[in-house]
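Notes to accompany the following structure.
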Amino acid sequence: MVKQSIFGRIAQLAKANINALLDQAEDPQKMLDQMVRDYTNNIAEAESAVAQTIGNLRMLQADYNEDIKNAQDWGNKALAASRKADEYRAAGDAADAEKFDNLAKVAIQRQITAEGEAKAAEPSIASQTEVVDRLKTGLDQMKNKLNQLTAKRNELVARSKTAQAQSQVHDALKSIDIMDPTSEVGRFEEKIRREEAKVLGQQELAASSLDAQFNQLEDLGEQTEIEARLAALKSGGSTAAIGSGSKAPATPAVNEADFDKL
């Protein structure tokens, strides 16, 4: 039981996988085209069979018409021979009269044979005519079904192509969704933002460095003025008065107790 169950599951799994592969390989348009071709071939075969049946019927009808014509011809010949016999009998020629009466009998016999053959063919002709009518009706129905199948095929193929186009458009739109941070556009935007932030940082660093350079220049100017005033004191001059227009130099940090020693 266990082995049978395992083999059954394996067979079912293999069947499911095969069906899945077939489903993936199926192309609706190709499958529908094949259905149309198969149905067209079936109609062609049916037309050949119907044509053969109609041909047989026409042969039966031709034979029937020939039998009817032969029956009429032999009837006319029997009548002519009978009249000829009557003429000879009226003329007193019994031998020729008997001769033509015998010919009339032969003609009547052949007329009866032809009529019998024609009558025997009537049931077959009626049966074949009914079969041909049914076959023609069936063939017309098959052709109508083929037209419906072709129209349905065209409709389904158009719907399939429309669905494929919509799917492609959807995939294309999804791939360039600017609101999706995981999309290529979002990634490029994040990269550009980082570059912009880097530029801002560089600009800020450059501004800070420039301010520091200006501060150094100011400190250097004050130191230069201090040195100049000290040199003037040593040479007997005096320092510039406060408020004279020159900027007061910055005083270096000193010990205030050193001034008490002066």
Side-chain angles (χ1 to χ4, degrees), residues 18-19 22 25-161:
I18 291 173
N19 287 332
L22 290 175
E26 279 185 351
D27 185 339
Q29 181 174 352
K30 292 181 180 178
M31 297 297 293
L32 291 169
D33 289 342
Q34 186 61 45
M35 290 177 63
V36 172
R37 283 193 293 269
D38 291 342
Y39 207 73
T40 302
N41 292 335
N42 292 337
I43 290 177
E45 294 176 358
E47 285 180 336
S48 178
V50 172
Q52 184 64 45
T53 305
I54 293 174
N56 295 335
L57 174 60
R58 297 296 177 257
M59 289 178 63
L60 287 175
Q61 289 175 338
D63 292 340
Y64 175 81
N65 293 332
E66 184 68 20
D67 290 335
I68 294 296
K69 183 177 181 300
N70 288 336
Q72 292 175 349
D73 290 342
W74 286 117
N76 292 332
K77 289 179 180 179
L79 179 60
S82 176
R83 288 177 177 176
K84 195 71 173 176
D86 292 341
E87 290 178 0
Y88 280 117
R89 188 172 288 109
D93 190 348
D96 287 336
E98 183 67 20
K99 175 183 176 182
F100 279 97
D101 279 338
N102 291 332
L103 289 175
K105 291 177 181 180
V106 172
I108 291 173
Q109 184 179 3
R110 293 183 180 181
Q111 179 187 20
I112 292 172
T113 301
E115 289 176 349
E117 291 177 353
K119 188 173 182 180
E122 289 178 354
S124 297
I125 292 175
S127 176
Q128 286 291 91
T129 301
E130 185 178 355
V131 170
V132 167
D133 291 339
R134 287 202 303 267
L135 289 175
K136 285 182 176 180
T137 301
L139 187 60
D140 291 338
Q141 292 176 351
M142 290 181 68
K143 290 181 178 180
N144 291 334
K145 289 292 185 182
L146 177 60
N147 292 334
Q148 294 176 7
L149 178 60
T150 303
K152 194 65 177 178
R153 174 261 179 202
N154 294 336
E155 175 191 349
L156 292 176
V157 169
R159 288 170 58 185
S160 176
K161 290 182 178 180

*asked:* Pairing donors with acceptors under 3.5 angstrom, does anything connect the side chains of D38 and Q34?
replied: yes
**Request:** Check step by step if salt bridge (Lys or Arg N to Asp or Glu O under 4.0 Å) holds for E155 and R159.
**Result:** CA-CA 6 Å; E155 175 191 349; R159 288 170 58 185; 3.6 Å; yes
inquiry  = Other residues, nucleotides and ligands only: do more than 12 of their heavy atoms fall within 6.0 Å of CD on E122?
reply    = yes
Value for CE (M142) from OG1 (T40), rounded to nearest 0.5 Å, stands at 9.5 Å
Considering only distance and modelled atom types, tabulate donor-acceptor pairs under 3.5 Å from the side chains of residues 126-134, sequence neighbours left out.
from : atom 1 : to   : atom 2 : distance (Å)
T129 : OG1    : I125 : O      : 2.6
E130 : OE2    : R134 : NH1    : 3.2

Minimal heavy-atom distance between Y64 and A121, with the atoms involved, is CD1-CB, 4.3 Å
Contacts satisfying side-chain hydrogen bond (donor to acceptor under 3.5 Å, both in side chains) that involve residues 142-153 (not counting sequence neighbours) are D33-R153, E47-K143
When rounded to the nearest 0.5 Å, the distance separating CD1 of I108 from OG1 of T113 is 12.0 Å
One should read off an interatomic distance between L156 CG and L32 CG, to the nearest 0.5 angstrom, of 5.5 Å
Value for CD1 (I68) from CG (D63), rounded to nearest 0.5 Å, stands at 12.0 Å
Kindly list each side-chain donor-acceptor pair under 3.5 angstrom involving residues 70-85, sequence neighbours excluded, with atom names and distances?
from : atom 1 : to  : atom 2 : distance (Å)
N70  : ND2    : E66 : O      : 3.2
D73  : OD2    : K69 : NZ     : 3.1
N76  : ND2    : Q72 : O      : 3.2

Distance col, row K136:NZ vs T53:OG1, nearest 0.5 angstrom, shows 11.0 Å
Between D86 and R89, does any NZ, NE, NH1 or NH2 come within less than 4.0 Å of an OD or OE carboxylate oxygen? yes
Value for CG (L135) from CD1 (I54), rounded to nearest 0.5 Å, stands at 8.0 Å
